[in-house]
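Sequence lines set the chain letters: A, B, ... in the order given, protein chains first and strands last, and positions in each chain run from 1. All figures in this text were calculated on a predicted structure; none of them were measured in a lab.
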2 protein chains.
Amino acid sequence: METRIDRIKKQLHAASYKLTPQREATVRVLLDHEEDHLSAEDVYLLVKDIAPEIGLATVYRTLELLTELKIVDKINFGDGVSRYDLRQEGAAHFHHHLVCLECGAVDEIQEDLLEDVENIVEKRWNFQIKDHRLTFHGICWRCNDSSSQNPSE
Amino acid sequence: METRIDRIKKQLHAASYKLTPQREATVRVLLDHEEDHLSAEDVYLLVKDIAPEIGLATVYRTLELLTELKIVDKINFGDGVSRYDLRQEGAAHFHHHLVCLECGAVDEIQEDLLEDVENIVEKRWNFQIKDHRLTFHGICWRCNDSSSQNPSE
DNA sequence: TTATCACTTTGTAACGATTCTAATTAAAGA
DNA sequence: TCTTTAATTAGAATCGTTACAAAGTGATAA
């Protein structure tokens, strides 16, 4: 079976880049922390565990490269750091985020939900949408009511 | 007639802050450039024209204060700088943005458009929404087709 | 008026995230 | 193999932003 790494390798090759050991280590960290929203520094520290000789600049360059190839998305929640998030395989669009103002948790919404809105925007503003960023700020289910259950995630 | 500045002054007073000359100059710049999305540096340079002795730190502090009071919104389009945008008077929610990948223009959408989506998110994810950020990246009407007209803005 | 107090501003230094640079290393092609 | 190009490294540099110490402002009360 073809693994996720194999497919990413192909994507790199298709753009005439190589999957060097440093790049592979970086991708593995991202795969192992798909749920999280790691900053470059976070990634760097985690990559160092499996590839101690890696440099911070390489991590930055790798993340930039992966962003260019749309393998990861670079996001920004308003604190001073950029975070990097693996894109769902085959996802045409970027997923949305729920940022809790109370506990800081970041949850993801994989559903699109924006189809109607995008149709309106494309027509009414004559704007050809390539991508979107949607983040809700508020109170998450955990903080909302401790007796409530984790919803449809 | 009560001016916009007067009302902002009241908002400051209500939170026991004063509208100092520096703060007033900063607000005036924002009012005079409501269409733009100025960075702190941009604001600083413009404020210097009407109040040359102002310090950069003061501009930052003023923008932070105005953000706290929800008079302006601090936004981030992924380039390394924060931009500041006057909130429409009476707007409960933050407006949306269209960022053109070709010419870099930033247009605004004042309509809400997200009501349905927010209802779904609140119910399905049990998430109490306080605010949102929605930005579309794509090709604007100007770049899309030079013969086309400025749409419903 | 003068003293006092809290708030504000100033310029500069410090900080932290990110990018650049120069030197080195690894890989790929001839 | 040799040559050429791409990738990596450590550390310096840069850039936006924040923190700090000193000075200024303005209101209140003796």
Send over the distance from [X] [atom1] to [N] [atom2], rounded to a whole Å.
X     : N      : atom1 : atom2 : value
B/R23 : D/dG24 : CZ    : P     : 19 Å
B/E41 : D/dT18 : CD    : P     : 13 Å
A/K48 : D/dT9  : NZ    : C1'   : 10 Å
A/Y17 : D/dA7  : OH    : P     : 7 Å

Within 6.0 Å of OH in A/Y17, more than 12 heavy atoms from elsewhere: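 Open.
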In this structure, are over 12 heavy atoms from other groups packed under 6.0 Å from B/E35 atom CD?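 12 or below, so no.
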Need to verify one output field. Residue with the more 5' nearest nucleotide on DNA chain C, A/L56 or B/Y44?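 Its nucleotide being nearer the 5' end, the pick is B/Y44.
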For residues A/H132 and A/E118, is any side-chain donor paired with an opposing acceptor at under 3.5 Å?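 Looking only at side-chain atoms, A/E118 and A/H132 do form a donor-acceptor pair, the distance falling under 3.5 Å.
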Are A/I50 and A/I8 connected, step by step, through hydrophobic side chains (Ile, Leu, Val, Met, Phe, Trp, Tyr) whose heavy atoms are closer than 4.5 Å?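 Shared cluster, yes.
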Does one hydrophobic cluster hold both A/I75 and B/F127, with members joined at side-chain heavy-atom distances below 4.5 Å?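 Shared cluster, no.
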Would you call B/R142 and B/D107 a salt bridge, using N to O less than 4.0 angstrom?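 So B/R142 pairs with B/D107 through a salt bridge.
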Applying a 4.0 Å non-hydrogen cut-off, can you work out what [X] is touching in the nucleic acid: base, sugar-phosphate, or nothing?
X     : value
A/T58 : base
A/E53 : sugar-phosphate
B/I54 : sugar-phosphate

Of all the nucleotides listed (D/dA10, D/dA19, D/dT17), which has the minimum atom distance to the side chain of B/Y60?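 Taking heavy atoms from C-beta onward, the closest nucleotide is D/dT17.
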How long is the span from the OG1 atom in A/T26 to the CZ atom in A/R23, to the nearest 0.5 Å?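 Output value for this atom pair is 9.5 Å.
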The single option from B/H33, B/K74, B/H97 passing side-chain hydrogen bond (donor to acceptor under 3.5 Å, both in side chains) against B/D85: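 Going through the options one by one, the only one that passes is B/H97.
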Does anyone know the first and last nucleotide of DNA chain C in reach of chain B, 5' to 3', at under 4.0 angstrom to a heavy atom?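 Reading along DNA chain C, I get C/dT8 to C/dG11.
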For residues 61-82 of chain B, which residues have at least one heavy atom under 4.0 Å from DNA chain D?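 Those residues are B/G80, B/V81, B/S82.
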Parallel, tilted or perpendicular for B/H37 and B/F77, by the 30°/60° rule?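 If you compare the ring of B/H37 with that of B/F77, the planes turn out perpendicular.
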